[in-house]
Amino acid sequence: MNTSRSRGRTPRTLRVAALAVLLTTGAFTPSASADSARTETPVGTSGGVTETVVRVKAPLPASFGARPEACEWLSYLRYRSSSGPASSADADRVLVAQPGILEGAGAFDSVARNTVTRAAEQGRHIEFWALDRRSNCLEDRTGIASGDQHTAVDYYYRGKQVQGRTFAGFVGNDKLGWMAKLGIEQTVRDEYALLAAELPDQGVRKDKVLCGGHSLGGVITGYFATADFDGDPATTADAGHNQCAGYFALDTTVSTSLGDLSGSIPDDTNLPDVGLGYGVVQAGLDSGLLPRSLSAPVLLNPETMTLLAIAGVGALQNPGGEADLPSYLPANTNIEATNRFLFSKDTATFLTGSPAVKDFRLTNEAILGSLMDDQSVPLAFLQSSVGFFDGGPITDKNFPVANGSSSQPGLFGTEYKAVPAEPHGPLYTWRNYDRVGDPDDPGYRSSDGTPFTAAGKEVTDIQELARSMAAQPLDFTEQYFPTKLVTDLELATSPQVKRLVVHPDGLTANPTLTVLAGDGLLAGRVPADLHPVVADGYQHLDVLTAAPVQNNGRPEPVSTALTGFARTPR
């Protein structure tokens with residue numbers, strides 16, 4: 001029997017309070033005057049952790065061209081111990097985290113809280129800064145911030161106003177000209193500008209800051225560590241590695257190569273052919289002939305990523321209530337394709353669309369679970385381990401690949417997939433991570449007798465995941481991920497990108513903590529020379545979303561490792 005029942009759950013009062021303070025991106029109630037170069041807005045305090053959203057003005061060069069005013073700012077979520085110092089410079093450590101591909105600051109919510117809490121229990125006051133990339137400035141959180149699922153759907157899909165605001169629509173390629181130049185160089189410069197603004201004393205940065213990230217954030221950290229920011233390699237106070245006391249990598253490695261991230265970018269994205277060469281690709285981005293933001297027909301585009309947050313709203317609003325989201329959403333090709341991809345048990349079901357997701361009775365939690373759980377969503381880099389379906393018969397999901405026969409485990413993962421089996425039947429509920437393996441667990445199995453899951457494979461609380469997706473002022477996802485950021489990294493040997501690695505020894509200039517998901521992107525090919533901490537049973541997103549107490553009754557290992565690393569003598 002599991003020992004972690006209800007421990008690590010987020011109180012509903014906090015979730016409601018968090019929803020109440022959410023405001024539209026770019027329109028937060030600031031703690032300073034409107035013309036200030038910095039604002040800091042309270043999000044909430046709970047469990048000894050105080051969260052704020054910080055925005056720092058950092059205008060882009062004029063050469064980037066026209067862009068929204070909101071994109072002249074850099075944003076991050078600041079988590080700190082409520083009993084610790086108010087000034088970041090006085091904290092014992094400051095962990096600064098770069099998000100992964102298609103990922104926003106909200107994704108770090110659980111690991112940030114867990115790490116700050118764990119350190120405070122040991123008498124250390126640390127901060128965790130979850131960074132948003134500049135392109136997140138294009139997102140409109142108004143509908144999500146309403147805290148009501150129907151209101152959100154009406155706002156984004158039916159043109160209805162919320163608080164006097166009308167959704168301007170998802171941003172097309174023709175409005176993203178400035179993002180054609182938003183590659184790895186500007187991304188690391190943005191991190192440097194933010195650190196220099198928030199911690200002006202370089203000595204403090206070198207003494208206290210730990211630089212790192214999740215997934216692609218490890219590669220960005222590698223480029224940051226090797227960068228030079230004043231144009232003179234001989235003066236090294238500005239060098240990236242001298243802004244950090246150490247590095248941390250969450251299901252990734254700190255490097256200047258994408259080699260360890262195979263499977264993190266699906267084949268059906270609109271990523272240009274980098275075989276054309278740097279100059280041709282850049283010209284295509286500048287002209288708009290190539291897409292300036294990364295997307296795919298299913299799951300990976302602004303519309304469908306908005307659906308993830310809307311599902312999170314429902315799971316917070318009425319977890320056990322019967323969901324009407326599938327029928328309340330408008331019918332369009334994008335949504336239909338996504339629903340078929342996620343809920344079809346086989347190819348025939350995908351092609352015919354019958355039975356459809358709206359033919360099943362699902363709770364709001366089950367909707368979110370089916371969108372994010374590793375036994376449901378096929379793409380490995382989107383998977384978390386939040387429990388399992390309950391309440392009715394379950395069958396194998398053999399689409400897009402058959403259970404037990406994946407030829408691309410890096411892309412699809414290795415966990416067996418499942419879907420509800422009985423349309424127009426029972427109400428399917430969601431068994432949270434800490435109830436898997438309990439005496440009343442049906443113990444669902446695949447058609448070949450393989451258990452779909454077990455207690456040791458489930459690590460993330462679905463209510464914490466819902467909070468991270470729906471009750472944060474900065475998004476869990478990144479709806480407009482800059483194409484140039486990926487093409488730059490894929491063209492790492494081109495002179496235009498290679499010149500950015502000014503201090504290659506920066507990669508090894510500081511100690512590094514590598515924490516890997518046992519079932520994540522690097523499963524089966526762990527780089528032993530890095531002496532990584534391996535979180536058994538974790539998927540790629542679990543390193544960010546896992547609950548503070550696991551099913552074995554022990555503390556969550558990722559935040560435990562980060563806390564120990566933050567205690568390393570300076």
Phe388/Phe452 aromatic ring centres below 6.0 Å: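 Phe388 vs Phe452: aromatic centres under 6.0 Å.
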Output yes when a side-chain donor or acceptor of [X] lies under 3.5 Å from a complementary backbone atom of [Y], and no otherwise.
X      : Y      : result
Asp251 : Leu544 : no
Ser255 : Val219 : no
Ser344 : Phe341 : no

Check whether any side-chain heavy atom of [X] lies under 4.5 Å from a side-chain heavy atom of [Y], and answer yes or no.
X      : Y      : value
Met469 : Leu368 : yes
Asn332 : Glu303 : yes
Asp140 : Tyr155 : yes
Pro68  : Leu138 : yes
Gln186 : Phe64  : yes
Leu290 : Thr483 : no
Phe108 : His214 : yes

Run the salt-bridge test on [X] and [Y] with the 4.0 Å N-O cut-off and return the result as yes or no.
X      : Y      : value
Glu51  : Arg78  : no
Lys345 : Asp396 : no
Asp286 : Lys181 : yes
Glu72  : Lys57  : no
Asp190 : Arg133 : no

For [X], ring-ring contact (aromatic ring centres under 6.0 Å, His included) partners two or more places apart:
X      : answer
Phe389 : Trp430
Phe360 : none
Trp178 : none
Tyr156 : Phe167

Cationic tip of Arg158 above Tyr328 ring, under 6.0 Å, 45° of axis: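 Geometry flag: set, cation within 6.0 Å and 45°.
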Geometric cation-pi criterion Arg55 and Trp73, 6.0 Å radius, 45° cone: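 Satisfied, under 6.0 Å and within 45°.
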Derivation and outcome, side-chain hydrogen bond (donor to acceptor under 3.5 Å, both in side chains), residues Gln282 and Lys484: CA-CA 8 Å; Gln282 187 60 54; Lys484 180 173 170 58; 2.8 Å; yes
Stepwise side-chain hydrogen bond (donor to acceptor under 3.5 Å, both in side chains) check, Ser559 with Glu556: CA-CA 6 Å; Ser559 54; Glu556 194 282 310; 2.8 Å; yes
Under the side chain to side chain donor-acceptor pair (under 3.5 Å) test, residues paired with Ser135 that sit two or more places apart: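 Per chain and number, Ser135 pairs via side chain to side chain donor-acceptor pair (under 3.5 Å) with Glu478.
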Exercise: do Glu458 and Thr453 side chains pair donor with acceptor under 3.5 Å: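 Result is yes, a qualifying pair exists.
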Residue pair Leu216 / Leu489: nearest heavy atoms and the distance that separates them: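 Here Leu216 and Leu489 meet closest at CD1-CD1, 3.5 Å.
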side-chain hydrogen bond (donor to acceptor under 3.5 Å, both in side chains) contacts touching residues 363-373 (sequence neighbours left out):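 Every pair satisfying side-chain hydrogen bond (donor to acceptor under 3.5 Å, both in side chains) with a residue in residues 363-373: Glu365-Gln463.
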Mutual orientation of the aromatic rings belonging to Phe128 and Phe248 [parallel < 30°, tilted 30-60°, perpendicular > 60°]: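 Because their plane-to-plane angle lies in the 30° to 60° range, the rings of Phe128 and Phe248 count as tilted.
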Among Asp374, Thr545, Thr460, Asp519, side chain to side chain donor-acceptor pair (under 3.5 Å) partner for Ser385: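 In the set Asp374, Thr545, Thr460, Asp519, the residue that makes a side chain to side chain donor-acceptor pair (under 3.5 Å) with Ser385 is Asp374.
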